[in-house]
Participant: 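Let me begin by handing over the structure; questions about it come next.
Note that the structure is a prediction, hence the values are computed from the model and not measured. Chain letters run A, B, ... following the sequence lines, proteins first, then strands; residues in each count from 1. Side-chain atoms are counted along with the backbone in the values below, which use heavy atoms only and exclude waters and symmetry mates.
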Amino acid sequence: MSSLRLEKTYDPKAVEARWSRTWIERGYFRASTTHPGQPYSIVIPPPNVTGSLHVGHALNHSLQDILIRWRRMQGRNTLWLPGTDHAGIATQNVVEKQLLNEGISREALGRERFVERVWQWKATSGNTIIEQQKQLGESCDWDRLRFTMDEGLSRAVLEVFVRLYEDGLIYRGERLINWCPRCLTALSDIEVEHEEVKGKLFHIRYPLAGDPNVSLVVATTRPETMLGDTAVAVHPDDPRYRHLIGRNIRLPLTGRDIPIVGDAILVDLEFGTGAVKITPAHDFNDYEAGERHQLPRLPIFDHQALLDPASLTAASVDKDIIADVAGLPVAKARPKIEHALKERGLLVKAEDHKMALGKCYRCKTVVEPYLSPQWFVDIKPLAEPAIRAVEDGRIRIIPEGWINNYLGWMRDIKDWCISRQIWWGHQIPAWYCERCNEPFIHRQTSTNASGAVITRVTLLQGAKPVVARRAPAVCPQCGGQQWLRDPDVLDTWFSSGLWPFSTLGWPEHTPELKTYYPTSTLVTGLDILFFWVARMIMFGLRFMPDVPFRDVYIHALVRDAEGQKMSKSKGNVIDPLHVMDQFGTDALRFTLASMASPGRDLKLAEERIEGYRNFANKIWNAARFSLMYLEGPRTSTPLPERSFVDRWIVSRLNSTVRTVTAELEAYRFDRAANVLYHFIWHEYCDWYLELIKPALQNPAHPDGPATRQTLIESLETTMRLLHPFMPFITEEIWQTIPHDGDSIVIQRYPVADRALDAPDAEQRFALLEQAVSLVRTGRVLLNYPPGQQIAFGVAHDDPEKLRQLQQLDSHLAHLSRGAPHIGMQHAWPTAQRLRLVAEGLTIGLIVTGEVDLKKALDRLAKQREEQDKDIARLSGKLDNKEFVAKAPAEVLAEHKDRLRGVQHDQAMLASSEQQLRALLGA
RNA sequence: GGGCGGAUAGCUCAGUUGGAAGAGCGCUGCCCUUACAAGGCAGAGGUCACAGGUUCGAUCCCUGUUCCGCCUACCA
């Protein structure tokens, strides 16, 4: 026997564990290319293989699971393809840290053993997030789990790289790139996070060569880079300086002479001093200016962003300065340089200045523009089709607001630096003949702190690679057979950019690709729109060649209750697993869905989840109720012959089906969830289950059999409707109530049907609800004691409505406890009033609906006149919607503006009592 | 600097072709009523950021202002 029949509260844990296991065992999530339905496919944004589920995943995955479960129930051929990402730098950093804790550096370990070590770490921790995803109920086809460094996916990477190279879209070149001095690797532009910081703008005097009395004052935020200056720029139209163009500056601290050039692009007349130092090897703008003026590049920092003594010497820097700053990192070199300038009286001033600082998105270290040979993708030819695909609507971005964001970025896109100087990832398929390239192969040997000898291989600009799917055997140039493979690996986003087709078997022509590509919907956070989504579109269009997905649904970021980004360091992280443990997985899923409004970050507080835990419990108890009263005959009475209450709930459910489906189609998970919540709690539970109690509890009630049928049908349909949102509890209930089939997972999703709409029943219900609500309000406002029975009269001006209300008398009485005598009060003869009083009942009057209050009042007044001259004076007609009576005065005073159509007949009661006493001769 | 979004109840937010202000949570009062106290019923609470404009009518459309986010960017 299910606990559903026994337990008053829903205990999710056992239920969830059982069903998540069973669903997978029974293969409900397995996709088949031969399934007859129209394909609907989603590839999951692959989480880091060694990560664990955070609340952002929970949101992202819940939404996808809702879509997939919904489409599966609609009979579509669904595939939700799961997988994980090797997450190059991030994972490498984690393992490096582990090694450091053991006192080992990765260099000491060596590349091969280090990579082995990462694989080990993946093996031990890689299943964590997958298991957690299963716990969340994700209906992925787990048999198709992919990893970006799987053999198949790696082959796709290789293929794409080689083809792009052959097409001239991948090249190697020495450029200024963003370099993380901690990760010791190049980064792409978007891997740099900009942060506004307070810095200083230094004004430094640069004397003219051969004329020390004349000088230019340059402004810079980075004085330490001046050792690498190769020119000073002024604006060609600047009357202050234009006559100096062509003359030389004697660069302080170095004694080098560098030219003054005119550059209208670099120099802003309004800013700083109007003179700009040019350091082509350490600044992106200066790099470009250097190209314009054919200036030499003088790198002065090494790969760790330390001032490099060798470079400094080559740049002929003052020996004292070299001694002072050589080997220092940027942050420490800056004050030393500042000091040296000050000593020489060359520092004019240093003013506060806010500036944007670039940081590594993985380790938050300040990045350094660094001149080095790297691999790039010539991106424009890939971006153009990707722009068109969105412009012409082959790819829809939802919400639409992000389209311009995407287009803007794509139109302004710069070549993509794809090489990373790390070890974990897809090694670039480029080989160098050692003999031919001897001058370009630079081996640096050093001994590290632990005494290990470390060799660092750098392939200098000029090296000629052979790019191929496998290592070449013999060099076509020199016949040599010694090959050195390019040590770099690819940007981790290179492989994830192939995800929609590499996971389906590309470059083979598989049935999976044919069936499931293009995928239907991509569900993702805004943070990886450029990293991932844009790259998938570019690669998909080039290699498939078709869009990788039809719809891109972009959801918001999950923040904490204060709107702060969740982070471990802030300690404001909501751990989804903890929440699932505490409140149940369905509650978490439903919370996230209900908060997924477009365009806004969602602030998550545990109280919300608790609220939906209560919702789950409400559903549980509604199901218990249904089972409790299901004993007894059930008949499938034709709908038109069922009671108006039954027809009402069927109609409301039908309307809910219609709305939920429409909202899901529009990716409005929030609205779909809210509509479901409202229907189940406030219509099904609050009204329907209450209304049918008399029919269920009285064995002789004529509506009993049909109502039992309606009860169970509507519950069963509701469970199917809710299933994509709350898979566990719906399955558990569905299994326990009468049903056909093995699992709710593979049942048909409810479809709205006009024939089920019952506007007349809805109208009648509205009348009833209004009357009940008025009776209840009256009770409370008039302070009737709980046990006190009350007779209420109901007046209505529309004779048809009045007739309907009379028919609803029993419902009204039932729903307003203790008010058994509901009738048309104004029509009650005195004798009946007296009888009611004799029974110890209080008499009240309710006026509902579009009643003509004036008439009602007149009628009441006339009636009372006949009965008793002392009857309370009635007044207080406020407008056409409200009127209030006098007594009891204190209540009325308090609620005067609120009291809607409630009349307390206190005075009448008093008068009736007198009459009664008179009659009885007391 | 550019772009985008937001400002509605104490809190979190709905409110899409402009037509009498909504939900959840919280709060107050009453109620342990045979599905559910993780509950029921009732209730309080809002010049819809500010200033103009269009309109018979504006939370909604237009303009400007203030504040808050996010994205993006080479002001040295």
Participant: Does any N or O donor sit under 3.5 Å from an N or O acceptor when you compare the side chain of A/Lys618 with the base of B/C36?
Facilitator: yes

Participant: Would you confirm whether A/Trp620, through its side chain, and A/Ile729, through its main-chain N or O, come within 3.5 Å as a donor-acceptor pair?
Facilitator: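 The answer is no, because no donor-acceptor pair under 3.5 Å joins these two groups.
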
Participant: What's the closest nucleotide to the A/Thr221 side chain, out of B/G39, B/A76, B/A35?
Facilitator: B/A76

Participant: Taking only the side-chain heavy atoms of A/Lys8 (C-beta and beyond), determine which of B/C36, B/U12, B/A76 contains the nearest atom.
Facilitator: B/C36

Participant: Looking only at side-chain atoms of A/Asn621, point me to the closest of B/C75, B/A76, B/C36.
Facilitator: B/C36

Participant: Considering every strand and a 4.0 Å limit on heavy-atom distances, what is the contact class for A/Arg624: base, sugar-phosphate, or nothing?
Facilitator: sugar-phosphate

Participant: Can you tell me how far the CG atom of A/Asp586 sits from the OG1 atom of A/Thr730, to the nearest 0.5 Å?
Facilitator: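 Between atom CG of A/Asp586 and atom OG1 of A/Thr730 there are 6.5 Å.
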
Participant: Does A/Trp687 put a side-chain nitrogen or oxygen below 4.0 Å from OP1 or OP2 of B/C41?
Facilitator: no

Participant: If each of A/Gly401 and A/Asp189 is mapped to the nucleotide of RNA chain B with the nearest heavy atom, which maps nearer the 5' terminus, i.e. the 5' end?
Facilitator: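 Counting from the 5' end, the first nearest nucleotide belongs to A/Gly401.
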
Participant: Would you mind telling me which of B/U12, B/A38, B/A76 lies closest to the side-chain atoms of A/Asn614?
Facilitator: B/A38

Participant: When you compare B/G18 with B/C60, how far apart are their C1' atoms, in angstrom units rounded to a whole number?
Facilitator: 6 Å

Participant: In terms of the angle between their ring planes, are A/Tyr684 and A/Phe679 parallel, tilted or perpendicular, with boundaries placed at 30° and 60°?
Facilitator: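 Correct class here is tilted.
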
Participant: Between A/Trp687 and A/Phe765 (judged by ring centroids, cut-off 6.0 Å), do the two rings come close enough to count as a pair?
Facilitator: yes

Participant: Would you mind writing out the side-chain donor-acceptor pairs for residues 351-359 of chain A within the sub-3.5 Å range, not counting sequence neighbours?
Facilitator:
unit_1	atom_1	unit_2	atom_2	d
A/Glu351	OE1	A/Lys349	NZ	3.4
A/Glu351	OE2	A/His203	NE2	3.4
A/Lys359	NZ	A/Glu195	OE1	3.1

Participant: Please state the P separation for the pair B/U55 and B/G45 - nearest whole angstrom.
Facilitator: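 My reading of the P atoms in B/U55 and B/G45 gives 36 Å.
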
Participant: Closest to the A/Phe271 side chain: B/A76, B/C41, B/G24?
Facilitator: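 Looking only at side-chain atoms, A/Phe271 lies closest to B/A76.
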
Participant: So what is the 5' to 3' dot-bracket string for RNA chain B, if pairs are Watson-Crick or G-U wobble with both distances under 3.5 Å, crossing pairs use [ ] and | means the partner sits on another strand?
Facilitator: ((((((((.[[[[.)...(..]]]].(((((.......))))).....[[[[[..)....]]]]])))))))....

Participant: Among the nucleotides B/A76, B/A35, B/G24, which one has an atom lying closest to any side-chain atom of A/Tyr677?
Facilitator: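 The answer is B/G24, which lies nearest to the side chain.
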
Participant: Under 30°, 30 to 60°, or over 60°: which ring-plane class applies to A/Tyr612 and A/Phe615, parallel, tilted or perpendicular?
Facilitator: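 Ring orientation of A/Tyr612 relative to A/Phe615: perpendicular.
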
Participant: For atom P, what is the distance between B/U65 and B/G3, given to the nearest Å?
Facilitator: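 Pairwise P distance, B/U65 against B/G3, rounds to 13 Å.
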
Participant: Look at the side chain of A/Leu689 and decide which nucleotide, out of B/C70, B/A35, B/A38, has an atom nearest to it.
Facilitator: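 Nearest nucleotide to the side chain: B/A35.
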
Participant: Check every atom of B/A35, B/G40, B/G15 against the side chain of A/Glu690 and return the nucleotide holding the closest atom.
Facilitator: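 Nearest nucleotide to the side chain: B/A35.
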
Participant: When the P atoms of B/C32 and B/A38 are considered, how many whole Å apart are they?
Facilitator: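 My reading of the P atoms in B/C32 and B/A38 gives 16 Å.
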
Participant: By the 4.0 Å heavy-atom rule, please label A/Gly358 as base, sugar-phosphate, or nothing.
Facilitator: nothing

Participant: Should A/His353 be listed as having a side-chain N or O under 4.0 Å from OP1 or OP2 of B/A76?
Facilitator: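 Yes, within the criterion.
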
Participant: Taking the C1' atom in each of B/U28 and B/U72, what is the distance between them to the nearest angstrom?
Facilitator: 49 Å

Participant: When you measure from the side chain of A/Lys693, which nucleotide among B/A35, B/A14, B/A76 comes out closest?
Facilitator: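 When the side chain of A/Lys693 is considered, B/A35 is the closest of B/A35, B/A14, B/A76.
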
Participant: Across the strands shown, which category fits A/Tyr612 at heavy-atom distances under 4.0 angstrom: base, sugar-phosphate, nothing?
Facilitator: nothing

Participant: Checking all strands, does A/Asp286 fall into the base, sugar-phosphate, or nothing category for heavy-atom contacts under 4.0 angstrom?
Facilitator: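 No contact at all - A/Asp286 keeps every heavy atom at 4.0 Å or more from the nucleic acid.
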
Participant: On RNA chain B, does the nearest nucleotide to A/Leu269 precede the nearest nucleotide to A/Thr9 from the 5' side, or the other way round? Give the residue.
Facilitator: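 Whichever sits nearer the 5' end wins; that is A/Thr9.
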
Participant: In sequence, state the C-alpha distance, the side-chain angles, and the governing distance for A/Thr279 and A/Asp229, and then conclude on side-chain hydrogen bond (donor to acceptor under 3.5 Å, both in side chains).
Facilitator: CA-CA 4 Å; A/Thr279 322; A/Asp229 285 0; 2.7 Å; yes

Participant: Which listed nucleotide (B/A35, B/C71, B/A76) is nearest to the side chain of A/Asp268?
Facilitator: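 So the nucleotide nearest the side chain must be B/A76.
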
Participant: Mind checking if A/His282 touches a base, just sugar-phosphate, or nothing, with heavy atoms under 4.0 Å?
Facilitator: nothing

Participant: Any salt bridge linking A/Glu291 with A/Arg297? Criterion: basic side-chain nitrogen under 4.0 Å from a carboxylate oxygen.
Facilitator: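 A salt bridge is present here (some side-chain N lies under 4.0 Å from a carboxylate O).
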
Participant: For A/His203, answer base if it contacts any base atom (sugar-phosphate contacts may also be present), sugar-phosphate if it contacts only those atoms, and nothing otherwise; contact means non-hydrogen atoms under 4.0 Å.
Facilitator: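 No contact at all - A/His203 keeps every heavy atom at 4.0 Å or more from the nucleic acid.
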
Participant: Between B/A76 and B/C4, how far apart are the P atoms? Round to whole Å, please.
Facilitator: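 Their P atoms lie roughly 24 Å apart.
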
Participant: Measure the spacing between NE2 of A/His555 and CG of A/Leu63 and express it to the nearest 0.5 Å.
Facilitator: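 Rounded to the nearest 0.5 Å, the NE2-CG separation comes out at 6.5 Å.
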
Participant: Could you measure between the two C1' atoms, the one in B/C36 and the one in B/C68, and give it in whole Å?
Facilitator: 42 Å

Participant: Taking the C1' atom of each, how far is B/G15 from B/A23, in whole Å?
Facilitator: 10 Å

